[in-house]
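Working notes, beginning with the structure itself.
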Amino acid sequence: MGQCQKQRLVDILLHVMLSESELSRFSGHQVGYLASFLARQLARPDNTVLVSRDVFIRVLAILTRDPEGGTGGQREERQQAVLDIIQADSEAGWTHFDLSDLEEKCLAAGFYRVLEKLYEKSGRQDEIIDCYLLDPQRKTRVFSWLARSRVSKQTLLGKMSALIEIDVIKFTDVILKYSDESSLLCDVLEALTDDKKTIYNILHHVIVLSHPLVSHDMHSRHLQLMCEFEPDQVLGHLSSADTHDTYDVSEALQLCSGYGLLEAKVYLLEREGKVSEAFQLLMSSLKPKLQFIDSDNIEALNQNVTRVIELCQRASAKVSSREREDMWCSLLQASVMPLSQLRDADLQASWRLTLRTVVSSMLGNVDNARVVSIIVSEPGYTKSGNYCEVKEVIGDILDWTQPGTRRDSRPPTRPLRERRNTS
């Protein structure tokens with residue numbers, strides 16, 4: 001009698017909520033509660049309630065119609081109600097619906113989680129990817145699904161643009177997973193011919209991972225794109241010991257010349273043993289800048305001079321004594337010349353400190369007489385009572401030539417103010 005009474009109450013509930021005359025009274029959101037209730041009853045191991053297939057078809061129509069334009073949360077509740085019915089009794093849950101009708105209505109309603117289950121059941125693996133890409137709430141989870149699933153190569157290429165738009169790095173990881181058994185990485189790069197920025201992002205990630213699929217052509221393409229999109233990173237990339245075998249120096253030189261990457265080109269010339277060419281390149285860049293020294297660029301010029309000094313120090317042991325002296329003296333002459341043109345006292349004082357750094361760095365590599373000759377021939381030192389500066393430079397030389405001083409080490413340099421106080 002209890003079971004009969006339960007069935008009678010369920011029949012009354014269905015009649016009240018699903019009657020055509022009562023449709024306007026109950027929303028899809030409310031019918032979703034009805035569907036969940038029915039699913040729980042069907043899932044009970046001792047269930048004796050009978051619900052006809054027509055009832056579930058009518059429930060599905062209401063849940064997917066959404067006449068009130070419910071919110072995203074209500075849509076998820078209605079979708080969950082459909083899932084509850086399907087999953088109430090494993091295989092039996094699907095029998096409550098016509099699968100073609102279920103797919104059509106769920107597509108229209110955006111019930112992508114239901115569609116995912118339907119595609120899994122029917123073995124339509126490649127179609128599941130759209131259940132993530134078309135679902136705003138699950139779009140970013142597509143890569144987690146791809147990591148544990150497998151779709152065809154054609155499907156990945158077909159959905160490539162949408163996947164790249166979401167996350168190009170995660171897309172690259174998926175491509176590498178699939179490329180273990182195919183040439184998918186090459187196919188992707190070929191398909192992206194006109195999208196150079198994306199190609200660079202993919203190649204950069206693959207190269208950072210040191211993936212075995214990376215070819216010489218990919219390394220060359222990566223370097224070319226780095227020159228275009230991240231020129232500040234080129235020198236670090238070229239000078240890294242891990243990348244020395246991944247590029248051709250001559251090819252890299254040509255690229256750096258084409259993109260005007262001075263420091264990278266200097267590094268490559270020095271690596272090829274063309275120290276004099278590297279020095280001339282740095283000096284040809286430095287000399288025009290020395291004609292216009294002001295408070296805005298003096299710090300940058302100091303850094304440029306320091307780079308030339310460091311190159312000369314590295315080259316001193318690799319070139320002949322004549323070449324070594326010519327390089328250092330050329331730097332000193334270029335650095336001394338602007339001094340007489342500076343009218344601002346603070347700029348003069350600051351630039352003299354730079355000259356002192358050049359002089360102290362070259363001592364031991366150049367004949368002292370040549371250093372003094374260049375200094376005293378500069379009007380910026382010999383005019384306006386600046387002989388104290390000359391004395392300090394000569395003092396540096398005398399300190400350097402004292403017995404016991406190592407000629408192959410860099411002499412200590414005291415601040416200008418300290419030297420003035422001691423003198």
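Treat the numbers as computed from the prediction; the structure is a model and nothing was measured. Values reported hereafter were calculated over all heavy atoms of this structure, with side chains retained and with hydrogens, waters and symmetry mates removed. Sequential numbering from 1 along the given sequence is applied to the chain's residues.
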### Message
Counting neighbours of CD on Glu251 that are heavy atoms of other residues, nucleotides or ligands and sit closer than 6.0 Å, is the number greater than 12?
### Response
yes
### Message
Going by the rule ring-ring contact (aromatic ring centres under 6.0 Å, His included), which residues pair with His237 if we only count those two or more places apart in sequence or in a different chain?
### Response
His222
### Task
Kindly write out the residues that satisfy ring-ring contact (aromatic ring centres under 6.0 Å, His included) with Phe171, not counting sequence neighbours, or none if the list is empty.
none
Would you check if [X] and [Y] make a side-chain contact, meaning some heavy-atom pair closer than 4.5 Å?
X: Glu103; Y: Tyr119; answer: yes
X: Ile309; Y: Leu331; answer: yes
X: Met327; Y: Asn365; answer: no
X: Leu235; Y: Leu261; answer: no
X: Val305; Y: Thr357; answer: no
X: Ile129; Y: Leu163; answer: yes
X: Thr243; Y: Leu238; answer: no

### Query
Got a sec, which pairs hit ring pair (Phe, Tyr, Trp, His ring centres under 6.0 Å) with one end in residues 137-159, sequence neighbours left out?
Tyr132-Trp145
#### Entry: Rounded distance [0.5 Å steps], OG in Ser183 versus CD in Glu190
9.0 Å
What pairs with [X] under side chain to side chain donor-acceptor pair (under 3.5 Å), at least two apart in sequence or on another chain?
X: Asn304; result: Arg307
X: Asp167; result: none
X: Asp367; result: none
X: Ser284; result: none

### Task
Using the ring of Phe111 (Phe, Tyr or Trp, six-membered ring only), decide whether Arg78 places NZ or CZ under 6.0 Å from its centre and within 45 degrees of its axis.
no
### Query
According to the salt bridge (charged side-chain N to carboxylate O under 4.0 Å, His left out) rule, which pairs have a member within residues 127-141, sequence neighbours left out?
Glu116-Arg138, Arg124-Glu127, Asp130-Lys159, Asp135-Arg138
### Inter- and intrachain pairs under salt bridge (charged side-chain N to carboxylate O under 4.0 Å, His left out), touching residues 216-242, at least two apart
Lys196-Glu228
Which side-chain N or O atoms in residues 285-295 pair as donor and acceptor under 3.5 Å with protein atoms at least two apart or in another chain?
unit_1	atom_1	unit_2	atom_2	d
Asp294	OD1	Asp296	N	2.9
Asp294	OD1	Asn297	N	3.0

### Task
Name all pairs fulfilling the side chain to side chain donor-acceptor pair (under 3.5 Å) condition that reach into residues 256-267, sequence neighbours left out, sorted by first residue then second.
Gln224-Tyr259, His244-Tyr267, Ser257-Lys265
### Query
Where do Asp98 and Ile57 land on the side chain to side chain contact (heavy atoms under 4.5 Å, CB included) test, with the steps shown first?
CA-CA 8 Å; Asp98 175 88; Ile57 292 174; 5.6 Å; no
### Query
Ion pair present between Arg370 and Asp326, side-chain N to carboxylate O less than 4.0 angstrom?
yes
### Task
Please identify each residue that fulfils salt bridge (Lys or Arg N to Asp or Glu O under 4.0 Å) with Lys117, with sequence neighbours left out.
none
#### Entry: Steps toward side-chain hydrogen bond (donor to acceptor under 3.5 Å, both in side chains) verdict (Asp248, His216)
CA-CA 9 Å; Asp248 179 82; His216 176 75; over 6 Å; no
